[in-house]
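Report on the structure given below.
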There are 2 protein chains.
Amino acid sequence: MDESQVAQVRRFNRAVTQHVGALEGSYLRRGRPLGQARLLHEIGPDGIEVRALRERLRLDSGYVSRLLRALEAQGLVRTENRTGDGRVRRAVLTEKGRAERATYDALSDELAASFLTPLDPARRERLVAAMAEVERLLKAGAVELRLEAPQTPTARFCLDRYFGELARRFETGFDPGRSNSATDAEMTPPAGYFVVAWLDGEPVGCGALKVGDGITGEVKRMWIAPSARGLGIASRVLEWLETQARETGLRRLRLETNRTLTEAQALYHRKGYQEVAPFNAEPYAHHWFEKRL
Amino acid sequence: MDESQVAQVRRFNRAVTQHVGALEGSYLRRGRPLGQARLLHEIGPDGIEVRALRERLRLDSGYVSRLLRALEAQGLVRTENRTGDGRVRRAVLTEKGRAERATYDALSDELAASFLTPLDPARRERLVAAMAEVERLLKAGAVELRLEAPQTPTARFCLDRYFGELARRFETGFDPGRSNSATDAEMTPPAGYFVVAWLDGEPVGCGALKVGDGITGEVKRMWIAPSARGLGIASRVLEWLETQARETGLRRLRLETNRTLTEAQALYHRKGYQEVAPFNAEPYAHHWFEKRL
DNA sequence: AGGCTTATCTGACTAAAGTCAGAGAATGGA
DNA sequence: TCCATTCTCTGACTTTAGTCAGATAAGCCT
C-alpha cells in the first residue's frame with residue numbers, strides 16, 4: 001500500500017467529515033434528536049415495515065419502537081397493521097410528517113447546493129464528477145463476496161438475471177436446456193461453488209465453479225448487475241473462484257463464452273486466460289479459454 | 001443551479017457519511033467516548049492551549065474541562081500553567097498519551113487503507129485522485145472574503161508574502177519604495193478597499209482597490225498563497241473588488257503587471273481586461289490592463 | 001394441537017454528551 | 001486602585017442514545 005495514497009485518503013476523510021458531517025449533524029436536524037430525524041427520513045413517502053427500518057438503521061428493536069412512539073406523539077407518523085403478516089407493522093408518514101420530511105429534503109438540497117454555489121461552472125462540474133467517481137469507487141470497495149447455496153432465492157435471483165441477459169444479448173436467444181449444464185448439485189460443495197457479490201445487502205453479481213474431475217475445473221454463470229458494472233466486481237468474483245479452485249487442488253480452469261460478451265472476453269484475457277480450441281460442444285459458445293493455476 | 005448536480009452531491013454526502021462517518025465513529029474510538037478520543041487527537045504532539053481546544057472543537061468550557069480531567073485520570077494528559085498568561089492553561093500529552101495517540105494514528109491509517117485494499121491498483125489511483133479533487137474543491141468552496149483594515153497583522157502578513165513573492169519572481173528583484181504606491185490610507189474606505197480571502201481561519205489571499213478620482217479605480221496587491229492556488233480564489237477576489245468598484249460608482253478599472261506573472265495576465269484576460277498602452281510609469285510593469293465596468 | 005420462531009413493544013437501566021450558572025483567580029484598562 | 005473581562009473549573013442538571021430482559025401476540029412446522 002502506497003503511503004502517500006493512505007495520507008490522501010486520510011486528508012479526504014478529515015475534510016469531508018468537517019464539511020459534510022458537521023453540517024449534516026447540526027443543520028439537518030431542525031431541533032430534533034438525530035435519531036428521530038433519521039427515522040423520519042428513512043420512513044419515506046410510501047412508508048416502510050418496522051423491521052426493515054430496524055435493519056437499515058441497525059438499531060435495537062426497543063429503541064426503534066420508542067422513536068416511533070415519539071414521532072407518533074408529534075403527529076408525524078402513523079403505524080398500521082395491514083401487512084398480511086399480523087406481527088409485522090408498517091410506519092407511514094402522516095400529512096404533517098410528509099411536510100416535515102419535505103422540509104428536510106429542501107434543506108438537504110440547500111446543503112448540497114452550498115458546496116456548489118461558491119464555485120464557477122467549470123469547477124462545479126469537476127467537483128460533481130469527482131464526487132461521482134469517489135462514490136462509485138467507495139461502493140466498489142464495499143462489495144463483499146460470499147458463498148451461497150444455489151437453491152436459495154438470492155442465487156435464483158442472480159441466475160434468472162443471468163439467463164435473462166444472455167437471452168437478450170445472444171443473436172439466437174438463449175435456452176438453458178440446450179446449453180452445457182451447471183446444476184445445483186454441480187455448484188454445491190464439494191462438487192462446485194456458487195459465489196454471490198453483495199453491495200449494501202443487495203446481490204449484484206455471481207459466479208460458479210464446477211470442480212469436475214478434480215484436475216480441470218470450469219468457470220460458469222459469471223454475471224454482474226448492470227448498475228454495478230465498471231467497479232471491478234467481475235475480477236474479484238473470478239479471483240475468488242480461482243482461489244477456491246487452487247485450494248481444491250485443481251490444476252487448470254476452463255470456460256467458454258459467446259462472441260457478443262465482449263467485456264467478458266476482455267476480462268478473461270486480462271486475467272491470463274488463453275484462447276484454446278473448442279473443448280466441448282456448447283452450442284452458444286464462440287470462444288474457449290483455459291488457464292493453468 | 002443544475003438539479004442533477006445537486007442530486008449527485010446528495011448521493012455523495014450520503015455515501016460518504018455512511019462509509020467514512022460510520023467507521024470513524026465506531027472504529028476509531030477504542031472503547032473510549034468519542035469526545036475524549038477527539039480531544040486526544042486534537043491536543044497533538046506539541047500540546048495546545050485549552051481555549052484553542054475549546055474553540056476548535058466548539059465545545060462548552062465546562063465540558064472540555066471535564067473531558068480533560070477524565071484524560072488526566074487515565075494518565076494520558078497533563079495540564080500546565082506555563083503560558084505567560086496565568087489564566088490560560090495548556091494541555092499536553094504524557095508519554096502514555098502520545099503512545100495512545102499513535103495507536104489512533106495507526107488505526108486511522110488502517111481505516112484509510114481499508115478503502116483502498118479491495119481495489120485493484122488502477123482503481124486505487126483513480127479513487128485517490130478523485131478524493132484529492134473533491135478535497136481541493138470543497139476547500140475552494142469554503143473560502144470566504146472579508147474586508148480588512150490594511151494595518152491589521154493579517155493584512156501585514158498578506159502584504160509581506162506578496163512583496164516576498166514579487167522579490168523572488170521579478171528578474172530585477174522588488175523594492176516597494178520604487179513602485180507605484182498603495183498606502184494604508186489608499187486602501188482604507190472610502191479611499192480604497194483591502195480584502196482578505198480566508199480558509200479555515202487562515203488568510204490565503206488578498207487584493208486591494210484604490211478608488212482614486214472616483215472614475216477610474218486601480219486593482220492592486222493581488223496575491224494568493226501557494227498552497228491555495230488553482231482554487232479560483234483570485235477570480236473571486238477580483239470579482240469582489242469589481243463589485244465594490246461598481247457600488248462606489250467607478251466607471252473603469254486599471255491595473256499593471258510584470259511579465260513574469262503569467263497566471264495573473266491569463267486571469268485578467270479571462271475576466272475581460274484589455275491590454276492598453278502604459279498609463280503610468282510603474283518601473284516593474286510590462287503590461288497595462290483596463291476594463292470598463 | 002403444541003412447540004418453536006418472529007415481530008413488536010414496555011420497563012428498567014446505563015453512559016455519553018452537553019448545558020447552565022456561578023465561583024475564583026488573573027489580567028487589562030481607566 | 002478598582003472594575004470589567006477573561007479563562008478555567010465545579011456542581012447540578014437535562015437530553016440523547018442505546019442496551020437488555022422479558023412479555024405478548026402472531027405465524028410456521030410437524
Side-chain angles (χ1 to χ4, degrees), chain A residues 17 21-22 24-43 47-74 76-92 152-153, chain B residues 17-18 21-43 47-74 76-92:
Chain A
T17 40
E24 294 227 315
S26 59
Y27 187 72
L28 284 185
R29 44 202 292 188
R30 308 229 314 131
R32 204 186 307 283
L34 190 57
Q36 289 180 27
R38 287 210 296 159
L39 238 70
L40 204 51
H41 188 266
E42 206 61 53
I43 289 172
I48 187 174
E49 293 189 355
V50 172
R51 61 178 172 184
L53 201 53
R54 211 162 49 219
E55 199 179 324
R56 281 217 211 158
L57 299 174
R58 312 207 165 196
L59 295 174
D60 177 86
S61 69
Y63 187 31
V64 167
S65 182
R66 234 178 295 276
L67 287 171
L68 283 173
R69 290 305 85 69
L71 290 171
E72 273 179 341
Q74 294 166 64
L76 301 169
V77 164
R78 223 175 41 238
T79 49
E80 47 187 37
N81 265 21
R82 288 172 270 155
T83 54
D85 184 331
R87 295 166 301 181
V88 177
R89 309 195 73 198
R90 270 182 90 73
V92 186
T152 62
Chain B
T17 40
Q18 239 179 54
L23 288 171
E24 292 225 317
S26 61
Y27 186 70
L28 282 185
R29 44 202 294 188
R30 309 229 314 129
R32 203 185 309 282
L34 190 57
Q36 291 180 25
R38 287 210 297 159
L39 238 69
L40 205 51
H41 188 264
E42 207 61 53
I43 288 173
I48 187 173
E49 293 188 356
V50 172
R51 62 178 171 184
L53 200 52
R54 210 163 48 221
E55 198 179 322
R56 281 216 212 157
L57 299 174
R58 314 213 163 191
L59 296 174
D60 176 86
S61 67
Y63 187 31
V64 167
S65 184
R66 233 179 294 277
L67 287 172
L68 283 174
R69 290 304 84 69
L71 290 172
E72 273 179 340
Q74 295 167 65
L76 301 169
V77 165
R78 223 172 43 236
T79 49
E80 47 187 39
N81 264 21
R82 288 171 271 155
T83 53
D85 185 331
R87 294 166 300 184
V88 178
R89 311 196 72 199
R90 269 183 91 72
V92 185

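Fair warning: this is a prediction, and the values are worked out from it, not measured in the lab. The figures here come from the full heavy-atom set of this structure, side chains too, leaving out hydrogens, waters and symmetry mates. Order of the sequence lines sets the chain letters (A, B, ...), proteins ahead of strands, with each chain counted from 1.
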What is the per-nucleotide protein-contact pattern of nucleotides 19-30 of chain C, from the 5' end, where B denotes a base atom under 4.0 Å from a protein heavy atom, S denotes such proximity for sugar-phosphate atoms only, and - denotes neither? BB-----BS---

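If you take CD of B:Glu55 and P of D:dT6, they are 13 Å apart, rounded to a whole angstrom. Rounded to whole Å, the distance from CD on B:Gln36 to P on C:dG18 is 12 Å. One atom, CG of A:Leu34, and another, C1' of D:dG18, lie 13 Å apart when rounded to the nearest Å. Counting to the nearest Å, the C1' atom of C:dG18 and the CG atom of B:Leu57 are 14 Å from each other. Across the protein-nucleic acid pair, A:Leu71 atom CG and D:dA17 atom P stand 12 Å apart, rounded to whole Å. Nucleotide C:dC9 holds its P atom 12 Å from the CG atom of A:Leu67, rounded to whole Å. Taking atom CG of A:Leu39 as the reference point, atom P of D:dT16 lies 15 Å away to the nearest angstrom. In this entry the distance linking CZ of B:Arg32 with P of C:dA15 reads 17 Å, nearest Å.
Open room surrounds CZ on A:Arg56; 12 or fewer heavy atoms of other groups in view lie less than 6.0 Å from it. The number of heavy atoms from other shown groups lying within 6.0 Å of CD (A:Glu42) is above 12.
Distance from the side chain of B:Arg89 is smallest for D:dC9 among the nucleotides C:dC9, D:dC9, C:dA17. Taking only side-chain atoms of A:Arg51, from C-beta outward, the nucleotide of C:dA17, D:dA17, C:dA7 with the closest atom is C:dA7.
To the nearest 0.5 Å, the span separating CZ on A:Arg66 from CD on A:Gln36 amounts to 12.5 Å.
At C:dT8, none of the side-chain N or O atoms of A:Arg69 fall inside 4.0 Å of OP1 or OP2 (strictly under the cut-off). At least one side-chain nitrogen or oxygen of B:Arg54 sits closer than 4.0 Å to the OP1 or OP2 atom of D:dT8.
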Verify side-chain contact (heavy atoms from CB on, under 4.5 Å) between A:Leu59 and A:Leu39, making sure each step is shown before the conclusion. CA-CA 10 Å; A:Leu59 295 174; A:Leu39 238 70; 4.3 Å; yes

Determine, step by step, whether A:Leu57 and A:Val64 satisfy the side-chain contact (heavy atoms from CB on, under 4.5 Å) criterion, reporting the C-alpha distance in whole Å, the side-chain angles of both residues, the deciding distance to 0.1 Å, and the verdict. CA-CA 9 Å; A:Leu57 299 174; A:Val64 167; over 6 Å; no

Apply the test side-chain contact (heavy atoms from CB on, under 4.5 Å) to residues A:Leu40 and A:Val77: give CA-CA distance (whole Å), side-chain angles for both, the deciding distance (0.1 Å), then the verdict. CA-CA 8 Å; A:Leu40 204 51; A:Val77 164; 4.3 Å; yes

Evaluate side-chain contact (heavy atoms from CB on, under 4.5 Å) for B:Arg38 paired with B:His41, printing each intermediate quantity in order. CA-CA 5 Å; B:Arg38 287 210 297 159; B:His41 188 264; 5.8 Å; no

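When each of A:Arg38 and B:Thr79 is assigned the nucleotide of DNA chain D bearing its nearest heavy atom, the one mapping closer to the 5' terminus is B:Thr79.
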